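Values in this document were obtained by computation on a predicted structure and should not be read as measured data. Along the sequence shown, the residues carry numbers beginning at 1.
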Amino acid sequence: MLLDIITDNPILTREMRRRMRGKAMIYSLIAYVGALCIVTLAILLVQAAGLWRFESRSAEMIKYTKSIGENIFNGMEIIQGILVLILAPAITASLITAERERQTADFLRVTTLPPSHYIVGSFLSTTLYVMLLLGCALPIVSVTLLFGGRSLSDVYLTFGALLLGSILLSSLGIYTSSINQRTRTAQGVMLAVAILFVVLFFFRQRIIWGIYSMFGASSTLFGQGALPVFGYMIPDWFFASLPPLFISLVTLVIAARKVYDFDNRPLNYSQYTLMSMTLLLTVVGVFWALPKMTTQALYTWWSLSLLIYFAGAIILNIHQVEVGTDNWKIHQRVPALAVLDDGILYFIALIVCTSGLGWWFFSTRGALALTQFKAMAFSLIPPFIFLAVFSRALSLKFYQRSVCFRIAFGAAASLWIVALLAIVLPMGLDTLVHTSLHLIAGISPFYALPMYAYVDIGKSSAGLLPPAINLADYPGQLASLFYLAAAALLYVWVARKNHVWKQELDAIEAAAYIPPEFENGELVRRG
């Protein structure tokens with residue numbers, strides 16, 4: 001049953017009893033509420049002395065009292081943000097590493113406890129603890145409602161943002177703990193991430209407005225309170241909460257696969273398919289209800305596709321070559337495909353499925369959107385096919401997954417980011433924008449996407465955007481052919497290594513095979 005992961009979870013029961021029954025819990029709550037009370041009292045003492053300057057119930061006095069409420073709310077927001085957003089990852093970052101340091105992780109592996117139960121129990125215990133901290137602050141936050149300046153909706157949004165931030169950081173802490181051996185290392189990494197997240201939390205409004213203004217949608221998609229989706233008005237905070245919840249879910253799934261074996265593949269084929277299709281279908285669902293925002297839908301689609309292809313090319317093609325590891329069922333059903341590599345076949349199938357979905361979606365948006373989509377697909381997909389084949393070649397050359405990950409990430413960053421910037425930046429930013437951007441966009445898929453926006457904006461402003469766009473007007477067309485040729489040549493080597501490995505495996509099985517003999521009419525084996 002699905003509810004058994006919560007109602008019958010020994011990890012959740014253990015963590016809740018250990019955390020709620022100790023004296024540290026009581027002292028921490030007293031210190032937390034006391035800090036909020038001290039900040040509130042200090043602001044009241046400092047600003048209440050200025051009330052005598054105004055006449056009773058005047059407009060200036062009402063405005064001044066509202067500023068008192070705003071200052072109290074902002075002060076408590078700072079205290080809560082620092083404590084909650086740093087405390088949650090500090091707790092989760094030590095859960096799995098503590099089991100390994102106490103040498104109790106091996107005992108967990110031999111029990112009937114699934115890895116998902118361990119991850120969910122650890123995650124829920126921390127989330128409930130954070131909810132308790134936020135709930136204890138509600139009576140103090142209600143003081144701001146007496147002075148004005150902040151409404152009840154501001155309280156809900158702030159508490160919701162803190163809860164979402166703690167959920168995201170808690171899941172990242174569990175993931176960090178699952179891939180590290182020492183608690184200090186995991187906590188050090190999460191402390192740096194938490195500090196960065198606290199800074200981003202206090203500047204969240206400017207960041208959100210900046211992101212939406214990049215897509216030219218600050219006046220249409222954000223700030224209206226609700227968005228019309230298939231005839232229903234859905235609040236914008238719902239869409240804002242989807243990305244952190246999705247990232248948390250993915251990191252928890254990865255942590256569940258690595259809690260007992262941190263060298264395990266982060267996601268299998270079915271999990272990665274579900275993740276990628278969920279992202280792209282969400283884009284289709286949102287922009288299907290907003291048919292006028294074709295350009296934004298196109299760039300949002302390809303931004304997510306870049307992320308999906310980059311992660312899939314590395315995650316799904318770096319795996320160990322062992323007996324019984326990563327055998328695709330189609331190899332058993334179609335023996336002729338046994339020489340082909342399952343990771344590369346899946347990655348190409350994923351590209352075909354996502355491209356088919358995009359073709360159908362943008363064909364309904366008009367001929368211009370479909371032409372732009374085809375031009376982007378032709379220039380952005382081949383580099384990631386090459387990265388997938390390159391990652392698979394690394395896994396055939398090196399046996400440690402971590403080494404292959406470092407080389408693949410380092411090669412992609414060096415070729416597509418560092419090397420191009422090192423060549424172009426000394427020429428000056430003016431040269432970069434006007435001339436060299438075409439060059440680097442043709443080589444790197446990360447630069448090709450903003451280059452498409454640059455070409456479209458320039459042609460649209462000049463009135464030169466034709467109904468049908470020539471593919472030669474866009475960057476990356478010639479480079480895509482080189483990427484496809486390089487991927488084909490490299491795959492020949494991969495197929496050769498797979499064939500040699502299969503021959504060696506067959507030879508080992510033949511050498512270990514003992515022919516049967518008959519003795520007294522019964523089949524027996526010797527040796």
Side-chain angles (χ1 to χ4, degrees), residues 29 32-33 35-36 39-40 43 69-93 123-145 148-175 190-214 217-218 221-227 233-252 282 286:
L29 287 178
Y32 172 68
V33 176
L36 294 179
V39 171
T40 304
I43 295 175
E70 291 179 357
N71 292 332
I72 294 175
F73 188 85
N74 294 333
M76 287 189 293
E77 185 181 29
I78 293 175
I79 297 296
Q80 287 180 299
I82 293 176
L83 291 180
V84 172
L85 297 181
I86 292 181
L87 182 62
I91 295 174
T92 55
F123 173 75
L124 287 180
S125 63
T126 305
T127 303
L128 293 176
Y129 178 63
V130 171
M131 292 177 63
L132 178 61
L133 293 178
L134 294 176
C136 291
L138 281 176
I140 307 173
V141 176
S142 61
V143 176
T144 61
L145 302 178
R150 294 289 185 176
S151 62
L152 193 60
S153 60
D154 295 329
V155 177
Y156 292 152
L157 290 176
T158 302
F159 274 64
L162 287 172
L163 183 60
L164 281 176
S166 64
I167 289 174
L168 178 59
L169 290 176
S170 297
S171 59
L172 291 177
I174 293 177
Y175 167 73
M190 286 311 303
L191 180 61
V193 174
I195 293 175
L196 177 62
F197 198 87
V198 169
V199 175
L200 296 178
F201 173 78
F202 292 115
F203 293 96
R204 62 187 182 276
Q205 294 294 338
R206 295 182 180 179
I207 295 173
I208 293 175
W209 276 101
I211 293 175
Y212 278 96
S213 62
M214 289 173 58
S218 58
L221 190 63
F222 181 75
Q224 293 186 352
L227 298 176
M233 298 300 295
I234 300 178
D236 52 4
W237 59 261
F238 175 79
F239 297 100
S241 62
L242 291 180
L245 291 177
F246 182 80
I247 296 174
S248 300
L249 179 62
V250 173
T251 52
L252 290 177
T282 301
V286 171

Is any side-chain heavy atom of [X] closer than 4.5 Å to a side-chain heavy atom of [Y]?
{"X": "I78", "Y": "V39", "result": "no"}
{"X": "F246", "Y": "V250", "result": "yes"}
{"X": "F123", "Y": "T92", "result": "no"}

For [X] and [Y], work out which heavy atoms get closest and say how close.
{"X": "A137", "Y": "L36", "value": "CB-CD1, 3.4 Å"}
{"X": "V84", "Y": "L162", "value": "CG1-O, 4.4 Å"}
{"X": "M190", "Y": "A93", "value": "CG-CB, 3.8 Å"}
{"X": "T144", "Y": "G69", "value": "CG2-O, 3.6 Å"}
{"X": "L168", "Y": "P244", "value": "CD1-O, 3.9 Å"}
{"X": "I79", "Y": "A35", "value": "CG2-CB, 4.4 Å"}

Y156/L152 under side-chain contact (heavy atoms from CB on, under 4.5 Å): CA gap, chis, key distance, verdict | CA-CA 6 Å; Y156 292 152; L152 193 60; 3.3 Å; yes
Going from [atom1] on [X] to [atom2] on [Y], what distance comes out if it is rounded to the nearest 0.5 angstrom?
{"X": "S166", "Y": "L134", "atom1": "OG", "atom2": "CG", "value": "6.5 Å"}
{"X": "I91", "Y": "S125", "atom1": "CD1", "atom2": "OG", "value": "8.0 Å"}
{"X": "I72", "Y": "I43", "atom1": "CD1", "atom2": "CD1", "value": "6.0 Å"}
{"X": "L133", "Y": "L163", "atom1": "CG", "atom2": "CG", "value": "11.0 Å"}
{"X": "I247", "Y": "Y175", "atom1": "CD1", "atom2": "OH", "value": "13.0 Å"}
{"X": "T158", "Y": "N74", "atom1": "OG1", "atom2": "CG", "value": "9.0 Å"}

Test side-chain contact (heavy atoms from CB on, under 4.5 Å) on I174 and T251 and set out the steps.
-> CA-CA 8 Å; I174 293 177; T251 52; over 6 Å; no
Mind checking side chain to side chain contact (heavy atoms under 4.5 Å, CB included) for T282 and listing every partner two or more places apart, or none if nothing turns up?
->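 Testing T282 for side chain to side chain contact (heavy atoms under 4.5 Å, CB included), a comparison that skips the adjacent residues, returns T278, V286.
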For L132, all residues meeting side chain to side chain contact (heavy atoms under 4.5 Å, CB included), sequence neighbours excluded |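 Applying side chain to side chain contact (heavy atoms under 4.5 Å, CB included) to L132 gives M20, M25, L29, C136.
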List in chain and number order the residues that pass side-chain hydrogen bond (donor to acceptor under 3.5 Å, both in side chains) with T40, two or more places apart in sequence or in another chain; answer none if no residue qualifies.
->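 Scan of T40 (side-chain hydrogen bond (donor to acceptor under 3.5 Å, both in side chains), adjacent residues dropped) gives none.
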side-chain contact (heavy atoms from CB on, under 4.5 Å) assessment of L83 paired with Y32 | CA-CA 8 Å; L83 291 180; Y32 172 68; 3.2 Å; yes
